[in-house]
Structure formats: C-alpha cells, structure tokens
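Notes follow once the structure below has been shown.
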Amino acid sequence: MITLRDVSKTYHRKKISTEALKKINLQIEKGDIFGVIGYSGAGKSTLVRLVNYLERPTSGEITVDGKHLAELNPHNLREIKKEIGMIFQQFNLLESKTIFQNVAMPLILAKTNKQVIQERVTELLAFVGLADKAASYPSELSGGQKQRVGIARALASKPKILLCDEATSALDPQTTQSILDLLKKVNEEYGITILLITHEMAVIQQICNKVAVMEEGNIIEKGSVVSVFGKP
Ligand code: ADP
Ligand code: ADP
C-alpha cells in the first residue's frame, strides 16, 4: 500500500543541513496497522509528511497504492491525496465551526452534494460516538472527543490510508485507550491501512501489527511487533 525505497530527506536552513531521513526502506501492506516509534528528532514526522506529499524527498522513491508520487500530474496527485486521511496531536479543528462543519469540511472543499454531505457526516459522527455533538463547538469538547472529530473528518473523503501523527500524545492513558480502540475499529470495519507514529511503546503494543524503530534518520529495526519487542 505504501513503499519507500532508499528515501532520503535533507533540510537546509541557513548554513546547517539536517539529514532527517537516511535511505529509508519500508513496506506497508494493505490492512496493516504499522507503527513507527522513535525519540523526538528521529525523523518520524518527516516520514509522514513525505507519504502525504506535503514535502518531497531529496532522493529515493515513494509509492502509494501502486503509484509513484513523483510521477503524478496535479490531477492524479489530488486523487491520491483523497486516499490519505490524517489526524494530528493537536487535533487541528476549526474553532469557529461546529463539529458537523468540521467533519464536513473536506467534502465542502470537494464540492460534494449537500444531501450526500448530510448523510455522510451523520454516519461518521455516529461511528465515532458523537452523534449528539453535531451542533457543538470544539471548545465544548474534551481532548478525546476532539480527536474523535479529527478521525471522523479524516474519514470523510473515504481514504484507504490513515496517517496518525502522535494522535494520542496529548491524551491521558484512559482516553488514549478509547482512541486506540476506535482506530482499531476504523482498520477492521473500513479496511483502512493505518500508519501511526508515536514515541510511546504502549501505543505500538496495543494496536500495531508491525513496527519500525527509528533513530537519527535511520530505521534500526523493523518487523512484526512480537518479533521486535517480544510478547507484551
Ligand atoms: P520526529 O518527528 O521523529 O520528532 P522530525 O521528522 O520532526 O522528527 O525531525 C527530524 C530532524 O529533521 C530533526 O533534526 C528536525 O529538527 C529536522 N527537521 C524537521 N523538519 C524540519 C524543517 N522543516 N526544517 C529543518 N529541519 C527540520
Ligand atoms: P513535529 O515533530 O510533529 O513536526 P515540531 O514541533 O518538531 O513537531 O515541529 C513543528 C513544525 O516545525 C513542523 O511542521 C516542522 O516542519 C517544523 N520544524 C521542525 N523542526 C524544525 C527545525 N529544526 N527547523 C525548522 N523547522 C522545523
């Protein structure tokens, strides 16, 4: 579903270059819940931004759903981006919009028919357990509820892949557990492949089937969670 071949990324700021990724190789299969773990600065966010095509690799090749990202024209790129949803540590909700409007936003931007938006958002809010919050604003919700909104919004355009960037790092352990349960349900019921980055081992052990360990721009270990970390 996602492959990276010899992918490197070097940032140049003033006179300093940072090799954020050093010839990374990774293969994420359809249906995986794939975790990438490492300390701050290891290169995890850079990896996610490359897969989402928010940034370009310095060298190497990335394919998503069989397509080479570097070879896509703007139209195809927009299509493939619809296949990728993303959730964030800080949720990134629009504070001045209702929960319904937040979830509807990707569909509004894609000029989706109003009736379809109404049905789809209603279904998604029910799926994430927030059917009664449609008219609320983000400031009225807890952190866990905000992340549920983030998940519903990410699912609006029916992606095949969900990228999770430290999605539970701002949440307490109990809320983290409930969000991880929801992500598992997203994977099982919608068949969505999940790429999750975290600095927390417990998150990997709770929901991932595969893991890559990153350190200073390198993948130092990868495989099934059991083979890398042993039995929990
Ligand atoms: P992680 O997500 O594991 O914390 P990042 O991918 O954010 O790691 O960062 C990897 C390295 O690249 C760090 O040294 C970071 O400072 C650097 N870096 C990340 N983004 C940029 C950027 N936009 N410009 C310059 N350096 C960056
Ligand atoms: P994250 O690791 O999730 O990217 P950070 O707080 O490290 O979070 O970075 C916030 C933003 O700043 C990111 O969008 C990243 O591109 C940028 N950034 C990260 N490290 C650097 C850096 N060393 N120099 C410039 N920009 C950076």
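Start at 1 and go down the list; that is how both ligands and their atoms are numbered.
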Looking at every heavy atom in both Ile80 and Leu72, which two are closest together, and how far apart are they?
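The pair with the smallest heavy-atom distance is CG2-CD1, 3.6 Å.
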
Taking 4.0 angstrom as the limit and counting only heavy atoms of [X], give me the atoms of ligand 1 inside it, by number and element.
X     : value
Tyr39 : 3 (O)
Ser40 : 4 (O)
Ser45 : 1 (P), 2 (O), 6 (O), 7 (O)
Ala42 : 1 (P), 3 (O), 8 (O)
Ala20 : 10 (C), 11 (C), 12 (O)

Work out whether the distance between some heavy atom of Gly41 and some atom of ligand 1 is less than 4.0 Å.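 For ligand 1, residue contact (heavy atoms, under 4.0 Å) with Gly41 is present.
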
_Please give the remaining members of the hydrophobic cluster of Leu54, linking ILVMFWY side chains under 4.5 Å, ordered by chain and number._
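Joined to Leu54, directly or through intermediates: none.
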
Atom CD of Gln174 with >12 non-hydrogen neighbours under 6.0 angstrom: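 Counting neighbours around CD of Gln174, 12 or fewer heavy atoms of other residues, nucleotides or ligands fall under 6.0 Å, so no.
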
- Residues two or more places apart in sequence or in another chain: which of them pass side chain to side chain contact (heavy atoms under 4.5 Å, CB included) with Glu29?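 Scan of Glu29 (side chain to side chain contact (heavy atoms under 4.5 Å, CB included), adjacent residues dropped) gives Gln27, Asp32, Lys210.
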
- Task: Using modelled atom types only, decide if a donor and an acceptor are shared between the side chain of Gln205 and the backbone of Ala202 within a distance under 3.5 Å.
- Result: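 Pair absent, no side-chain N/O of Gln205 close to backbone of Ala202.
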
Is ligand 1 under 4.0 Å from a heavy atom in the side chain of [X], in the backbone, in both, or in neither?
X     : answer
Arg13 : side chain
Thr46 : both
Arg49 : side chain

| request: Flag Gly43 as yes when one of its N or O atoms lies below 3.5 Å from any N or O atom of ligand 1, and as no otherwise. | output: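 Between Gly43 and ligand 1 (N or O atoms, distance only) the closest approach is under 3.5 Å.
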
Min side-chain heavy-atom separation Arg49-Asp165 under 4.5 Å =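 Sidechains of Asp165 and Arg49: no contact.
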
